[in-house]
Amino acid sequence: MAVELDVFVGNTTIMDEEVYQLWLDGYTVNDAVKVRMEGGVLDECEASADVLLSDTMDQYRTFQMCERLLHSPAKLANQCSNDFPLLCLSLFRYYAFDDAFVREVLGKKLSKGTKKDLDDISAKTGVTLKSCRRQFDNFKRVFKVVEELKGPLVENIRQHFLLSDKLARDYAAIVFFTNNRFETGKRKLQYLTFQDFAFCAGQLINNWTVGAVDNMVEDMDVDLDKEFLQELKELKILITDKDLLDQHKSLVCTALRGKTKAFNEMEANFKNLSRGLVNIAAKLTNTKDVRDFFIDLVEKFIEPCRSDRWTAADMKLYLTHYTNSAHILDTFKHQVVWDRYMGVIKSCIFKMYHD
Amino acid sequence: MPGKLKAKIVAGRHLPVMDRASDLTDAFVEVKFGNTTFKTDVCHKSLNPQWNSEWFKFEVDDEDLQDEPLQITVLDHDTYSANDAIGKVYIDIDPLLCTEAASVISGWFPIYDTIHGIRGEINVLVKVELFNDLNRFRQSSCGVKFFCTTSIPRCYRAAMVHGFVEELVVNEDPEYQWIDRIRTPRASNEARQRLISLMSGELQRKIGLKVLEMGGNAVVGYLQCFDLEGESGLVVRAIGTACTLDKVSSGTPASNACNSPSKDGKEPVFGEDLPSSSGPPTPFRALPTSSSSPPPFSPSKPCSRQSSSSDTDLSLTPKTGKNTWPRPPFPLSSLPTPTPHCGEFPFFTLTSFPPGFLVHVGGVVSARSVKLLDRIHNPALGNTRSYKLLDWNSVTADEPETRDAWWEEIRQEIKSHAKALGCHAVVGYSESTSICEEVCILSASGTAAILNPRYMREGCLDIGSTDHRFEDPSPPSCGFCHIPYDELNMPFPAQLTYCYHCRRQKVPDVLFTTIDLPSEAAVTGKGCLIQARLCRLKKKAQGEVNATAISNLLPFMEYELHTQLMNKLKLRNMNALFGLHIQISVGENMLLGLASATGVYLTALPAPGGIQIAGKTPGDLSNEHHILTIQKRINDTIAKNKELYQINPPELTEEGLGSPIPEPRQRSRLFRSHSESSDELSELDLSHGKKDAFVLEIDDTDAVEDIHSLLTDAPPPTGFYSCNTEIMPGIYNWTSGIQMFTSVRVFRLSNANLTNQGLNKIFTDLCENLLKSFYFKLRSMIPCCLCHLNFTVAVPEEELIQVRHFGFAEFHSFVLFFSSVRFVLRGLFCFFLLFSFLVVVVVIAFVCVSGVGSVCACVCLCVCVFSPAASVDYGSFADRCSTWLELLRLKAHTIRRGSVKTSRRTQSLAHSGRSRSLRSSRSFGGSSVTVVKMTPLSFLPGIRIIKYLGIINMFFIRETTSLREEGGVSGFLHSFIAEVFAMVRAHVAALGGNAVVSYSMKECVLMENPNKNQAQCLINVSGDAVICVRETDQEPTASMTNIGQTCCSANDGAT
């Protein structure tokens, strides 16, 4: 005897949280049944394996049907559906992602090529392939929708996908990284988590994009402000003008003296570090250098500091004084650009300077 | 009275992409009514077109208004090729024809295509202007209200119940017309949808006419069915109870008004013209009949029975004027005297009644007949059990006449059975068919009853004056159990005792009925679902041979089902069945019987005896030992069940007026008779004869099997209750959230050479498994109760079995509802030939759950089920949920951010696991997000229905040629059912309603051919659209009389 058809439809859908999670994690029906059996649902309710299988299949089918709606959640609001609250609940989970997975694709082109590599990523991260695909498709879907919209990126994502604030920010970060193709996969960057990058992306979006100045342009939060990048070139004077460099160094050293154990190293490395930071700024007009932004930060600044065993507090102190001292330089005219630049760099480095 | 129909097409949204090049659609709309068609402009390149059309006006006859649906077709404009259809919306404008109901239909309707399903939505406004016309010869019946509810609707009061109305219309099925070979599936499906819509409109109009003739203004318990007879045509038939309803003023709580017993009996709750006059010897032969050819009907009951009861009647009722039924409603109304033929049958489709209406209940009466279907234009030639009864010569080629005659015959039989039980009326009456190829089983069943003469006019009857039982009003809590027949002339052997409640009158030992448990009845403990399941193989045959074989099997099946029911009832230590529904479905090589009922322990009836096992060969020691073990198991089970259902009957005090000490072991008896009565088979004593009924003899494997199956019925898990009536007996603290589910199952049996026993076991397991999986799925809602469980079985094809379920679940904190679907898989396409060596079983079920905690008014009644802490928790959860819902809506609509809080709340909701709570919130900020509740119950606990907006009766066909892509049959059906729900909700919302009560899925026919990647499904749903509001005021407990039957009002009063 075989079950040919087994359907259970409600005016309101019953969703089993556990099964939903299993589905999201990409378990097959049979695997899910196994997991549930091990979880001891059967003992709880004196049900047989058949019942469990039928229930699981049913739930899976429901999820598959809901999936279509979840892809364009804004339409949900219009559905004459009693499942609205339920769908909204499932939405958040559907759009949730594994940090490990997103870390792998961050900054990559969301193309078919990348999609083909998903099985490698799946093997590497331990996230099932199905789940990887779902997450990848989510990124792509969000990316596509947001691409053509005006207005603030986070807002748009939240509006169109009814996501929570936190999740919307994360998606904004992903979109931002994807759009600018930031390199994140290099070995030197491996120690950074997705959350580190998401934070940096937030900083960049808020301060360096077109949207930071004008909030009604297309792609305003996705593209960096070209004018600003151009202006950054002017900062070069800080390292090309020898007087200015020396002056800057002495100002910083005076402020730092006695306040940190790493003072000697700071003094010795000042010129190198300053050159590193300013050079990064000056090169940002090149798209390629934008991609290498995070690598450069690590290579030119974070690594030297780490080899000198600066503490996080040292770093904070140093960067604060480094930034502020530039204001005192009377021949340095680019205070506004400097602030806009250093504000982001400072917070990014704080975030990125850990083990 | 002609009328003016006005329609306006406002806008569309989420239309599908019809033009691949631009990814957009050039949509326009055709609005059609009758033969008139209007078109809107083409709205170019938009998936969300705004047409904002003018008002399209149709000037039409009211007859057409009733028959025709408004047909809205959305098309994609193509300059060079034919326009592509996007989909259609059929709007039944009947609700607009009633003055009190909806005044405008306005809302977003899903655009439905039979191939693609729902494709976007369209916003439509519809209005009707009716001109008054009092032409007596009119053919229309505007203004007659229809209710699917099988009780007096909550916000009405019955001024008069006129009686039974029935009608059927017949047509050729478009699916079988020659043209079907050349037209597209879409065109064929649409033709069918439209035809059925037209036919139901016509049917409703005709019934309405009959009601008007009788002087009524409403039809309650309206039950419409389709018989898809294949080649021989399509029959749409309906039955109902004509009533005159008065609207209860909005000031008084509606439920009170219709439930409150008339305290002094003078209050004309019912200006009833009761059929009792026809109960007395006036033979129906003397009655004028509606059918053109009254069959020369000879009473088919076993003569002894028939005559004895007739005698009884004679002795009880001296010559009452040979009144024909129905009586003209007495003075109260100056309505025209109804023509006699309208109410030939004293039948009532109602299943629950205002207190005091029902006096005595006799028992279940049922009749079945087997007919052969024939081509629609040929005079039907039937081989039937009672074919002699049909006057074939008078059968014209007119099909309705034939079908009418068939039903007429069955109804006559029911009537005579009722008379045999000394009853003058049949309540809880229903009719059904089962069709396989050309064989059709027609069944009708009901409960014989005596209705209160107090509600009848003086002069109408004089039974009251002669029968002491009427003069001596019995207490309401037990009166209905008292026997209506004379104990000296019992129509069948039965064990009578004095009523355990009032000690004054006789009661039977067991009572079977098809009605709901009267609200005033005294019950001990809780009720439970009792099912009897049976499979019988039969030989494949054609034509008359087949029909004869089936008719020969039927009595045995009935007998066996009855025995099973009786055994299971005893095993649960109960003594009455309510809501009994026996379904016998026919397949090509098997018959399936499924009987469901709710067992209860009526305080007034004697305690049931145990079950004794006896071996046939007493000498055999090992056998004896075996018997002893079984006996022990049975006794244990009974004891366990007693505890489970909390059956602790009050101690007997023997001071009663000489009441005989009840025998420890009671005999069983079924008040029932069968249509097969016309021949000697029905002489079979269904009542287990004279032997001690509950001695089960184990003499062969069959008996062992029986006992085995008796014991394998697993009780529901802790926290679950199930029943097939509207209200779970013994649980009174309902909560207001209701949820409904539909479940469909198809099983394929791999071995066609099964034995009866093997099949029985499979079938039983199937039903048990289905129940188990409901329990499993709903486990998060414990404590809960599945109510109105209604299983339907069908054997769709030669090798297919089919089951349908209908139900409703209720707990004090949750209500579940199972409603029913029927599956008939017929070889419409040639697919099934492929399965000739396989057997398929289809099980369909419908569940509805209601939830949201409330604090119960009478905790004492079911303390163990309900922890107050949990309920409080739940209430607050409900509040949270509703606010959260609002937040979300706000978010979705106004593009305001919901902030992090939303997500956090979400998480907490998710964790609570019981996220099933749903609030019915009225239309929200002008948006179309309306939560429409659906329930197979006639009411919503804790919620007051303030207005009935009209009947919802919809028929959908869905077909696919990409079955695999849609997730197989399961995926296909799942999405179709979900779409049907969505469409029902949209229609109700457009009428301004926020709930559907008495919802049922009457038909669900699935045909599939996985090899061709095709499937087709038909669904018919009906229900009453209502507006309801949360009951904020505490319902006074006094409103429901009796024994702690407090109607608990939900007081989480959040909205």
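Each chain gets a letter, A, B and so on, in the order its sequence line appears, and its residues count up from 1.
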For chain B, which residues of residues 54-64 of chain A have heavy atoms nearer than 4.5 angstrom: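 A:Ser54, A:Asp55, A:Asp58, A:Arg61, A:Thr62, listed by number.
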Identify the two heavy atoms, one from A:Phe8 and one from B:His974, that lie closest to each other, and give their separation to 0.1 Å. O-CE1, 4.0 Å
Can you name the residues that form a side-chain contact (heavy atoms from CB on, under 4.5 Å) with B:Ala978, not counting sequence neighbours?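 Partners of B:Ala978 by the side-chain contact (heavy atoms from CB on, under 4.5 Å) criterion, ordered by chain and then number, come out as A:Val9, A:Met65.
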With sequence neighbours left out, write down each residue that passes side-chain contact (heavy atoms from CB on, under 4.5 Å) with A:Lys34, or none if nothing qualifies. A:Asp31
Give, for atom CZ of B:Phe776 and atom CG of A:Asp50, the distance between the pair rounded to the nearest 0.5 Å. 12.0 Å
My understanding is that only residues two or more places apart in sequence, or in another chain, count here; which of them pass side chain to side chain donor-acceptor pair (under 3.5 Å) with A:Tyr171?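 A:Tyr171 satisfies side chain to side chain donor-acceptor pair (under 3.5 Å) with no other residue.
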Check whether more than 12 heavy atoms from other residues, nucleotides or ligands sit under 6.0 Å from atom CZ of A:Phe194, and answer yes or no.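 Count over threshold, so yes.
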